[in-house]
Every structure is written in structure tokens, then in C-alpha cells.
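Written out below as C-alpha cells is the structure these notes cover.
Start at 1 and go down the list; that is how both ligands and their atoms are numbered.
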Amino acid sequence: MEKQSLAAPPQDHCSLADSQRAAVLVLLIVPSVLLILGIYHGLMQVLYRAGLIHSVSFLGLQYYQGLTLHGVINALVFTTFFEVAFGYVVVAYFLRQRFAAGVTWLAVALMLSGTLMAAFAMLTGSASVLYTFYPPLKASPLFYIGATLLVVGSWIPYFQWIPVYLGWRRAHPERKTPLGVVGMLATFTVWFLATLPLAYEMIVQLIPWSLGWTPTVNVVLARTLFWFFGHPLVYFWLLPAYVMFYVMLPAVVGGKLYSDAAGRIAFMLFIVLSAPVGLHHQFADPGIASGYKWLHGGLTFLVALPSFMTAFTVAASLEYAARARGGSGLFGWWRSLPYLDPDRYLFAYFFAGLVLFFFGGITGIINASLSMNNVVHNTSWIPAHFHTTVGGPVFLSFLGMTLFLVTQLTGKRLRLARLNVWVPYLWMSGLFMFSFGLSVSGLLGEPRRTNLGMTYANPSSPLFHPAWEPWSRLGAAGGILMTAAMLCFFIVFFTTLFSSQEREPYLQLPEAEAYHDEDLGLVRNFTPWVAAAVVLLVVAYLPPLYEVITGPTQAVPGYQPASPIVAGP
Ligand code: HAS
């Protein structure tokens, strides 16, 4: 009875089957709720680091326990859940296809159970090994098995989408695959290739070791396998944001995508170049010859190219839209964009992310230089860099899109729209303060992943380092502002979620027309790009892995996170 009074969806909408829609909503809502814990521990980090807490723990949770929760929830759980949900939505919408919901639910069940296992291990203090799982820090098997289930669960959708995509191509040989679908398939191709070395690290090294079946672990091998996974991981995070920037952003501002081919080339280049660069995280590691580090450093400069292309294409698309809205002048057109339009809040989330990424890109290129990396490696410069990347375009576009999809798929109206449109700018301002503070203190030598409040930021410690203090305090002020932004986000999110339904649930994604709609044969097919990626991976990783396995590095027993004492076999 009540349902009949709901407003009808727009004409060109698409609807998901109820069971599929419910699965997507679970994938969006569960990690958004978990974010409360992730964000809380971000706040705790800045307070410890600024010397506002001088203790190993706060409210019963230890520093490294909190840091692990912060990284794992925000960077691994929230992103993976969102991307699976977004992938389903994009493939279903642009190809107008349906999926077997039972298979989707299997993926959801694996991801959820894995997350719960890992969360239990982290919350009970038996997995304070950070989001990089760095051995010889040792976690309970629950943590590693949980993380493995999360990853395996996230593979299932990819194998559900591939046959759907191939079927669509057979049925529409004359049409180009929609750019959003190309982007999401590229995202999960990068993810699948990246997670194979991680699977090896988990199944062959960490799980048997944590179960006590093997007494020691080869740390250099584990780190090399982790970063074989860890750098493509960052592009797994970034590419869905690029899907939004290429496909949706121009439509949200009422313009056109400047070049369709630029988007396709960028996605294909990421498939090839995302992974063979992981050694740039290990420039300072022993046991790996410097020639391979140079190779990975050089390839890192190449993987920045598709992002440069994206910067120019997105800027040109924004200029086109701004001029269509009446903007003029060499730079004056920037004034004509809808920065504070509550109805186009996606623009605010995307734009604030892009501005942050401008700086994330510059600092990334600094990191990639082998010599400059010596100055910044393992300092607070690194979290300053990655918060302007994963905490910028990735986090903000995922947050905005979560709101957008939750309102469409529940049939609810976005509440507190005026507050909502300020959230990304508040976050951006806080993040700028945070990153500026941490960048400067990093250049002054302040270490990352350190409870500074115990020593360097504690005036009563003989190790007190006053030169870092103002910058850590600036970082903390930024972190507090970011927390305030998230508080506003949660208010908007939960007020919307608990409001009553006003229309039929539906799906209608913004999709921009292309200004230059080129049709390049080169980017029609994934196969040559995936083949090139595999060849490059073999060239870039086989020799260093051989060296690590056969070289003089010794396997070691586990260590407790809070002490340098060997935990025993
Ligand atoms: Fe990075 C470390 C190099 C991109 C994330 N990176 C990290 C870590 C994370 C991370 C999490 O070479 C720490 C890992 C750990 O825990 O140890 N990174 C790069 C390079 C790029 C790069 C060269 N990183 C990312 C992205 C990330 C991410 C993307 C997440 C999503 N990174 C490194 C290196 C390290 C590293 C070393 C190891 C450091 C060490 O020693 O440990 C490039 O891909 C960046 C290319 C980006 C651009 C920018 C394009 C700009 C755009 C915005 C345009 C804006 C517009 C709007 C149009 C070329 C698209 C208008 C704007 C106005 C300002 C008006």
C-alpha cells in the first residue's frame, strides 16, 4: 500500500534485482559503519604523535593496535568493499546486465567473515602488525586467514563480470565497451594480478608461520611479495576514482569528457605499469641489488604518465563545462564551476580530491627518485604523501559515491544537503594542514609509525625533539579538522540512511558524452595489455625474487610488536 505512493524512477534508469541490490547495499553500508573505528584511530594517531598523549595505550587500545585498525579498516576494508559494490553497479548499469545474486552473496559472505575474523584479531590485540603485515611482527592466524578470505571474496565478482562483458561484446560487436566498464575491469585486472603474490605470502609464509608449523620467516621475501602486491594496490584504489573523473565528473558539471581515448589509454597503461614498480618501497632494504631498484624507480616515473594524462584531460573537461556555463578568460572560467551546489555534491567530493591529488602526485614523484627517497623514506613525509592520494581523490570520491548510491538504491532523499557539500572542503582543508605539518617534520627527520608521545614529543623525555613539535601540532590540528569533517559526513550518512523511503529504488549514473570520441583499435581489447603486463612482471620481478630466495638473507623467528624481544618459534 505504502509502496504505491512512492515516486516513480526516471525513464532511463536501470534497476537491480532485489537480492543483488541488497548485496550491494551491504557492501556499501558495512564498511561505512566500520569507518567510525578507522577514523577514530586516525584521530588517536595525531594525538599520540603531537605529544598530546604520553602513553602506550588509550582507552585500552594500544598505539600499534590502533594504527593497524586505522590502516586495515580505512585502506583495505573500506576500499575493497566499496570497489566491489561500485564494480557491480557500473557493470550492471552500463551493460544493462544482471548477475546470479547467489554468487554475489558468496563473495559478500567471504568478505564479511574475513573482515570479522581480522577485526576480532585486531581488537583483541593479537594482530598489531600494521596494514603491511610486516614480519617478523607476528599476528594470530585469524588475522591472516581473515585477510585472505577478504581478498578471495573480492576475486569472485571479477570472474562474474568477465563472462558478462564477453557476452555483451559478442552481442554488440559494433559498439565500444562503455568507458566505465573498461575502467572497472582494468581495476580488478590490476587487483587480481596484484593479489597473486600476496596469496603466496599468506598461504606459504605467514599462515603456516603463525600456526607454528614453520619456526621462522624470510622477511625480505615477505616484504618483496607484499610490495609486489602493495603498489598495484594503490592503483586498485585509484582507478575507480578515475572512472568517476572520466565518466561521471564531466556529466555532473554539465560538460563533456575531453577525450574518450585518453581514458581508455590511461586504464590500459595502468594494467601494464601498476605492478613492476614495487621495489620503490624497498629502496632502503638490504638483500636486493640496486640495479633492480633503478629499474623499478624508472618504471615508477612511467606509471605517473597515465595520471598526468588524467590531470590534463580532467582539467580540459572542466574548462569545457565551465565555459558552457558562461565562464570566460584564461583562468576566470574556474569561477564558473558548481563548487557549493548541494544538488551536485558529487562535484565537491571529486574536485576536493583532485586538488589534493595534485600534491599527492608531486610528492609521489619525489619519493620515486632513488636519491631523494633516502631523505624521506620512513619519515612522516610518507603518510603526508599517501593521505593526499588515498585520503584525497580515492577516499573523497568513494565517500561521495557511497552517499549517491545509497540514496538511489534505498529510494531515500539525501538529507542535510547543505552540510554535506561542505564535508569534502573541510576534509581537504584539514588534510592540507595535516600533510603540510607531516611533510615538514618528515624533512626534519621525524619518523613515521612511531608513538612520539612516549619520547620525541614528550618534554620530560631525554629524547625530546623540540624542532618537530610545531609541525606535529599542525598535523594534529589538521587531523582534528579531518575528524570534524567525518563527523559531519556520518551525520549526513546516518540521517539519510534512517530517513523514510520516498521513491522506488533505481540506478542512474551520470555519464558524460565525449568531446573527442576517438575509436582506437589499440584499446579495444584487454588481451595485449594483460600479456604485456605479464611479460614486464616477469622481467621486473623474476631476477630480484630469485636473488632474495637464493641470497644470504636469513629467515628469523617472530617478534612482538611492542618489544624487540624474540617471541619464540
Ligand atoms: Fe605513492 C608510498 C610513489 C601515487 C599511496 N604511496 C606510498 C604509500 C602509499 C601510497 C599508501 O616511489 C605508503 C606505503 C607504505 O605504507 O609504506 N606514489 C608514487 C608515485 C605516484 C604515487 C610516483 N601513491 C600514489 C597513489 C596512491 C599512493 C595514487 C594511493 C591511491 N609512493 C611512491 C613511492 C613510495 C610511495 C616511491 C614509497 C616511499 C617510501 O620510501 O616508503 C604516482 O602515481 C603519482 C602520479 C600522480 C600525478 C598527479 C596527477 C594529478 C591529478 C589531479 C589534477 C587536478 C585537477 C584539479 C585537474 C602525476 C590527476 C585542479 C587542481 C588544482 C590544484 C587547481
Side-chain angles (χ1 to χ4, degrees), residues 67 70-71 74-76 79 130-134 187 190 223 226-227 229-242 244-246 249-250 253 258 262 266 269-270 273-274 277-285 293 296-319 322 331 333-334 337 339 347 350-398 428 432 442 447-449:
L67 186 52
H70 177 62
N74 295 3
L76 299 181
T79 50
L130 309 177
Y131 88 101
T132 41
F133 318 150
Y134 276 164
T187 305
V190 167
R223 288 171 64 92
F226 182 86
W227 287 117
F229 155 76
H231 200 79
L233 168 70
V234 313
Y235 297 112
F236 170 68
W237 295 334
L238 186 67
L239 294 197
Y242 277 13
M244 295 180 223
F245 299 156
Y246 278 106
L249 172 64
V253 281
Y258 185 71
L269 283 177
F270 277 117
L273 294 167
S274 284
V277 296
L279 291 187
H280 70 220
H281 294 268
Q282 293 176 273
F283 284 157
D285 278 21
K293 294 178 180 172
H296 282 232
L299 288 170
T300 305
F301 288 111
L302 277 187
V303 76
L305 279 183
S307 289
F308 276 119
M309 281 170 54
T310 305
F312 290 118
T313 312
V314 169
S317 308
L318 290 179
E319 178 174 357
F331 297 111
W333 57 267
W334 283 102
L337 293 168
Y339 299 101
F347 176 75
F350 295 164
F351 184 75
L354 281 163
V355 173
L356 284 165
F357 194 41
F358 187 84
F359 297 92
I362 295 171
T363 52
I365 288 163
I366 291 171
N367 299 345
S369 147
L370 198 75
S371 47
M372 282 199 277
N373 184 272
N374 281 329
V375 179
V376 296
H377 182 63
N378 271 346
T379 70
S380 55
W381 170 278
I382 302 300
H385 157 67
F386 70 68
H387 280 83
T388 49
T389 54
V390 65
V394 174
F395 190 58
L396 284 175
S397 62
F398 288 15
M428 181 183 79
F432 269 131
R448 67 182 285 199
R449 290 180 158 172

Q.
Using the rule given for ring pair (Phe, Tyr, Trp, His ring centres under 6.0 Å), can you reason through Phe229 versus Phe226, listing the C-alpha separation, both sets of side-chain angles and the distance that settles it, and then say yes or no?
A. CA-CA 5 Å; Phe229 155 76; Phe226 182 86; 5.5 Å; yes

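- Pairing each heavy atom of Ala322 with each of Leu337, the nearest pair is CB-CD2, 3.8 Å.
- Backbone and side-chain nitrogen or oxygen atoms of Thr132 are examined, and none is located within less than 3.5 angstrom of a nitrogen or oxygen of ligand 1.
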Q. What's the verdict on side chain to side chain contact (heavy atoms under 4.5 Å, CB included) for Ile362 and Phe358, showing C-alpha distance, side-chain angles and the deciding distance?
A. CA-CA 7 Å; Ile362 295 171; Phe358 187 84; 4.0 Å; yes

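- Heavy-atom minimum distance, Val355 versus Phe432: CG1-CZ, 3.9 Å.
- Of the heavy atoms in Phe226, none comes closer than 4.0 Å to ligand 1.
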Q) Does the side chain to side chain contact (heavy atoms under 4.5 Å, CB included) test come out yes or no for Val234 and Val390, once each step is laid out? A) CA-CA 7 Å; Val234 313; Val390 65; over 6 Å; no

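- In this structure, Tyr258 has its ring center at least 6.0 angstrom away from the ring center of Phe312.
- Of all protein atoms, those that are N, O or S and lie under 2.8 Å from atom 1 (Fe) of ligand 1 total 1.
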Q: Assess whether side chain to side chain contact (heavy atoms under 4.5 Å, CB included) is satisfied between Leu233 and Leu76, documenting all intermediate values.
A: CA-CA 9 Å; Leu233 168 70; Leu76 299 181; 3.9 Å; yes

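- Using a 30° and 60° split on the angle between ring planes, Trp237 and Tyr131 fall in the tilted class, from 30° to 60°.
- Among Ser317, Gly361, Ala368, Pro393, the residue whose heavy atom lies closest to atom 49 (C) of ligand 1 is Gly361.
- Proximity of Arg448 to ligand 1, defined as any heavy-atom pair under 4.0 Å, is confined to the side chain (atoms from C-beta onward).
- Using cut-offs of 30° and 60° for the angle between ring planes, the His281 and His231 rings count as tilted.
- Within ligand 1, counting atoms from 1 as listed, the ones closer than 4.0 Å to a heavy atom of Asn373 are 39 (C), 40 (C), 41 (O).
- The shortest N or O to N or O distance between Asn378 and ligand 1 is not under 3.5 Å.
- The single protein non-hydrogen atom nearest to atom 63 (C) of ligand 1 is Val355 CG2, 4.2 Å, given as residue, atom name and distance.
- In summary, the side chains of Tyr246 and Ser317 do not present any donor paired with an acceptor at a separation below 3.5 Å, with no hydrogens or angles considered.
- The single protein non-hydrogen atom nearest to atom 42 (O) of ligand 1 is His377 ND1, 3.1 Å, given as residue, atom name and distance.
- Scanning both residues, Val394 and Ala241, for their nearest heavy atoms gives CA-CB, 4.4 Å.
- Using cut-offs of 30° and 60° on the angle between ring planes, the pair Phe283 and His280 is perpendicular.
- Considering only non-hydrogen atoms, atom 56 (C) of ligand 1 lies nearest to Leu354 out of Val303, Leu354, Leu356, Leu238.
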List the atom pairs, with distances to 0.1 Å, where a side-chain N or O of residues 370-378 and a protein N or O form a donor-acceptor pair under 3.5 Å, not counting sequence neighbours.
from: Ser371; atom 1: OG; to: Ser369; atom 2: OG; distance (Å): 3.3
from: Asn373; atom 1: ND2; to: Asn367; atom 2: O; distance (Å): 3.0

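- Between Phe270 and ligand 1 there is no heavy-atom distance shorter than 4.0 Å.
- The backbone N or O of Gly278 lies less than 3.5 Å from a partner atom in the side chain of His296, making a donor-acceptor pair.
- Listed by number with element, the atoms of ligand 1 under 4.0 Å from a non-hydrogen atom of Val394 are 31 (C).
- When the options Ile382, Val390, Val277 are ranked by their closest heavy atom to atom 39 (C) of ligand 1, first place goes to Ile382.
- The closest approach between a heavy atom of Phe301 and any atom of ligand 1 is not below 4.0 Å.
- Of the protein's non-hydrogen atoms, His281 CE1, 3.5 Å is the one closest to atom 2 (C) of ligand 1.
- The closest heavy-atom contact to atom 61 (C) of ligand 1, among the options Trp334, Phe358, Phe308, comes from Trp334.
- With atom 43 (C) of ligand 1 as the reference point, the heavy atom nearest to it among Tyr131, Tyr235, Phe357 is part of Tyr235.
- Looking only at protein heavy atoms, the nearest one to atom 58 (C) of ligand 1 is Ala311 O, 3.8 Å.
- In terms of protein heavy atoms, atom 50 (C) of ligand 1 is closest to Ser307 O, 3.6 Å.
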Q: May I have the step-by-step check of side chain to side chain contact (heavy atoms under 4.5 Å, CB included) for Leu396 and Phe357, ending in yes or no?
A: CA-CA 11 Å; Leu396 284 175; Phe357 194 41; over 6 Å; no

